[in-house]
Protein chains: 2
Amino acid sequence: MPVTLKDVAEKAGVSRSAVSRTFTEGASVSAKTRRKVEKAAAELGYSPNALASSLTTGRTKLIGLVSNNFHNPFFLQVFDLFTRLLQERGLRPLLVNLTDQTDPESTLQLLRQYSVDGVIVASSTLSPEFALAFQEARVPVVHSFGRIAASPRVNVVGIDNVECGRMAARTLIARGYKRIGFMGGPREATSTIDRRKGFNEVLSVTPGIEVTESFATAYSFDAGRAEMLNLLKQMPADAYFCGDDVLSIGALSAIADKGLNVPKDVGIIGLNDMDMARWENINLTTIRQPIRQIIDSSVELVVAMLDKPERPPEGRFFACEIIERGTLRPVKP
Amino acid sequence: MPVTLKDVAEKAGVSRSAVSRTFTEGASVSAKTRRKVEKAAAELGYSPNALASSLTTGRTKLIGLVSNNFHNPFFLQVFDLFTRLLQERGLRPLLVNLTDQTDPESTLQLLRQYSVDGVIVASSTLSPEFALAFQEARVPVVHSFGRIAASPRVNVVGIDNVECGRMAARTLIARGYKRIGFMGGPREATSTIDRRKGFNEVLSVTPGIEVTESFATAYSFDAGRAEMLNLLKQMPADAYFCGDDVLSIGALSAIADKGLNVPKDVGIIGLNDMDMARWENINLTTIRQPIRQIIDSSVELVVAMLDKPERPPEGRFFACEIIERGTLRPVKP
DNA sequence: GAAAATAATGCAACCGGTTGCAAAAAGCCG
DNA sequence: CGGCTTTTTGCAACCGGTTGCATTATTTTC
């Protein structure tokens with residue numbers, strides 16, 4: 001039923017090769033032939049089958065977009081940007097929702113069956129090993145929002161979470177908070193581990209600070225709220241560095257429940273600067289992750305891999321900045 | 001470089017057909033051959049190329065997932081569910097972000113190039129014509145969150161927005177509100193048109209009610225906030241039915257800014273019951289859209305179309321329910 | 001205007017699979 | 001064990017394209 005190359009060739013009175021060349025960038029076709037072919041193609045409503053051509057060219061222009069963060073509104077922005085940027089380059093995102101299936105094997109196999117040209121792993125919770133499995137299978141891969149490494153074994157684009165931990169600590173110290181809490185995301189997430197490390201690194205060399213720590217079970221509102229409700233049962237700290245923004249918002253709701261005031265009674269600083277953080281009824285002080293740059297760079301990197309698959313892995317990390325809003329008290333004069 | 005059917009056939013000492021049959025459900029292969037083939041395949045790490053096989057079978061198991069709602073957090077839930085349900089059935093979502101490109105032609109062509117088996121259009125703002133273009137091109141299509149029609153020309157799954165408008169109106173009347181506002185989404189969105197219709201239908205036959213109406217420029221926080229700030233310049237109504245939840249949250253932030261109390265000074269009812277609506281610091285009274293049922297049903301319908309492409313178009317609509325939370329005053333005793 | 005260089009074209013093989021068909025192998029029966 | 005039925009197997013053609021190569025047409029050059 002769908003119209004093929006052959007149909008167009010017959011209608012235009014030329015060979016199949018001629019039709020194929022008409023639709024191939026930089027192939028040799030005379031103006032006359034091209035005209036005939038284009039006319040026939042338009043009349044028949046022909047458009048070339050990308051999958052058939054991929055058989056010989058070895059390129060599908062499909063990019064696997066793999067994530068396990070379908071509950072964090074921050075990632076809607078991530079998907080929006082990724083899909084737009086990929087589309088702009090003529091690439092097509094094949095979306096994979098990992099749910100709790102974090103073993104790379106089955107995903108690798110799936111994406112191979114579809115001959116994706118490359119893979120983007122968008123996750124701040126997956127271990128570097130996940131992306132590494134693709135790399136080892138010689139599938140071009142970039143881990144976005146992944147863990148920093150001095151000499152990465154796989155392409156990674158993201159932020160320096162250790163440095164973010166330091167920034168958070170310094171910020172809280174500068175505001176004069178003395179009893180400070182780390183309320184991390186899931187214990188095993190690399191982002192949690194790294195942020196905690198940087199955070200403690202600074203606080204441990206600062207005299208007169210009392211540090212506590214706890215972990216939410218997920219990067220989600222409910223987990224943040226539950227954890228903060230728990231913390232509020234005893235005497236809470238003066239201020240918390242929360243695992244991310246959505247966790248922070250959960251914590252804020254718990255604090256409001258208890259009738260405490262933010263930032264007077266408890267201060268909160270988040271991380272991500274998701275769209276919602278600037279909403280006036282949330283107004284969260286947070287550490288901004290330069291999402292646009294991260295995603296731009298990830299796409300650029302995966303495209304570079306397509307052209308040069310043997311390109312050695314690279315790590316690209318972007319600086320974060322503190323976004324001052326209303327959930328921390330002002331710096332002491 | 002990747003291992004093919006031929007490699008496996010040679011290693012196993014059988015014909016290519018034998019290998020193909022081993023991996024084809026219900027094909028005739030002896031146990032002995034199957035064993036040999038599976039052993040060879042495992043050793044070589046073979047997995048069949050889904051795209052090559054699609055050439056002859058005519059099935060890619062790719063489903064185009066098309067949306068223009070990448071800014072509404074409600075749709076993260078939508079994408080989560082769609083991808084999970086499709087994956088469970090062995091289907092692969094090819095994601096298309098419409099941005100402002102709402103002309104179906106280029107999307108249709110794109111999805112044809114990739115020979116998608118079917119298409120799901122997930123949008124409450126696109127006109128029915130969008131999905132219709134696929135239908136007319138004989139591409140199995142389902143419009144999710146689309147507009148209700150008595151005898152639809154294309155498969156649609158969603159809610160009855162007119163009835164939702166009525167529900168909202170009745171709810172506000174029951175609470176004793178007299179000065180009532182409709183704060184719609186984009187003027188041209190079918191969902192806006194329909195909700196407004198049902199809303200006015202009820203209010204126009206209720207004596208003693210004063211109705212006003214206005215429209216936000218998008219289903220977004222900022223648009224909701226801007227519109228409400230505008231409304232608050234003059235004397236606002238007692239209660240508003242807002243286009244959707246994210247719009248409602250924007251409106252709530254504007255109201256809080258002005259120092260007014262919800263629900264005492266102004267009442268708000270939204271629509272969707274997105275995850276965020278139940279967050280304790282939002283606590284939005286809203287009309288719940290049965291998202292799970294809608295998406296289940298959409299996937300089921302698109303699968304049914306794959307098996308029977310000539311299936312006549314069907315409309316499936318689900319009932320909504322009022323979710324009482326904190327943004328409307330209680331019913332008068 | 002003829003020879004040489006360049007461009008355009010079609011043939012045929014190939015990409016990685018599937019499948020109808022006829023031949024071969026295996027199973028069944030008396 | 002021979003004849004008959006059923007199952008398994010390989011051959012070869014095909015799905016919808018691309019591409020190297022040899023052939024033919026066109027252009028350039030003197």
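It should be emphasised that the depicted structure is a prediction, and the values quoted were computed from it without experimental measurement. Just so it is clear: chains get the letters A, B, ... in the order the sequence lines come, proteins before strands, and each one is counted from 1. Below, each value reflects all heavy atoms present in this structure, side chains not excepted, and no hydrogens, waters or symmetry copies.
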Problem set entry | Pairs flagged by salt bridge (Lys or Arg N to Asp or Glu O under 4.0 Å) wherever residues 83-92 of chain A is involved - sequence neighbours left out | A:D80-A:R84
Problem set entry | With sequence neighbours excluded, residues passing salt bridge (charged side-chain N to carboxylate O under 4.0 Å, His left out) with B:R35 | none
Run the side-chain donor-acceptor check on residues 8-21 of chain A: report pairs under 3.5 Å with partners two or more places apart or on a different chain.
residue	atom	partner	partner atom	Å
A:K11	NZ	A:E43	OE1	3.2
A:S15	OG	A:S17	N	3.4
A:S15	OG	A:A18	N	3.2

Problem set entry | ring pair (Phe, Tyr, Trp, His ring centres under 6.0 Å) pairs, two or more places apart, involving residues 48-70 of chain A | A:F70-A:F79
Problem set entry | ring pair (Phe, Tyr, Trp, His ring centres under 6.0 Å) partners of residues 92-114 of chain B, not counting sequence neighbours, each pair once | none
Exercise. Any salt bridge (Lys or Arg N to Asp or Glu O under 4.0 Å) pairs touching residues 131-151 of chain A, not counting sequence neighbours?
Worked result: A:R138-A:E310, A:R147-A:D194
Exercise. Does anything in residues 2-17 of chain A reach DNA chain D, meaning a heavy atom under 4.0 Å, and if so which residues?
Worked result: A:T4, A:L5, A:R16, A:S17
For this session: Identify the 5'-most and 3'-most nucleotides of DNA chain C with at least one atom closer than 4.0 Å to a non-hydrogen atom of chain A.
Result: C:dA8 to C:dG16
Exercise. How would you list all residue pairs meeting side chain to side chain donor-acceptor pair (under 3.5 Å) that involve residues 50-59 of chain A, not counting sequence neighbours?
Worked result: none
Exercise. Using a heavy-atom distance cut-off of less than 4.0 Å, which residues of residues 25-35 of chain B contact DNA chain D?
Worked result: B:S28, B:V29, B:S30, B:T33
For this session: Using the side chain to side chain donor-acceptor pair (under 3.5 Å) rule, pick out the option among B:S123, B:S298, B:S124 that qualifies with B:S144.
Result: B:S298
Problem set entry | salt bridge (Lys or Arg N to Asp or Glu O under 4.0 Å) contacts touching residues 294-303 of chain A (sequence neighbours left out) | A:R292-A:D296, A:E300-A:R316
Exercise. What ring pair (Phe, Tyr, Trp, His ring centres under 6.0 Å) pairs are there with at least one residue in residues 42-69 of chain A, not counting sequence neighbours?
Worked result: A:F23-A:Y46
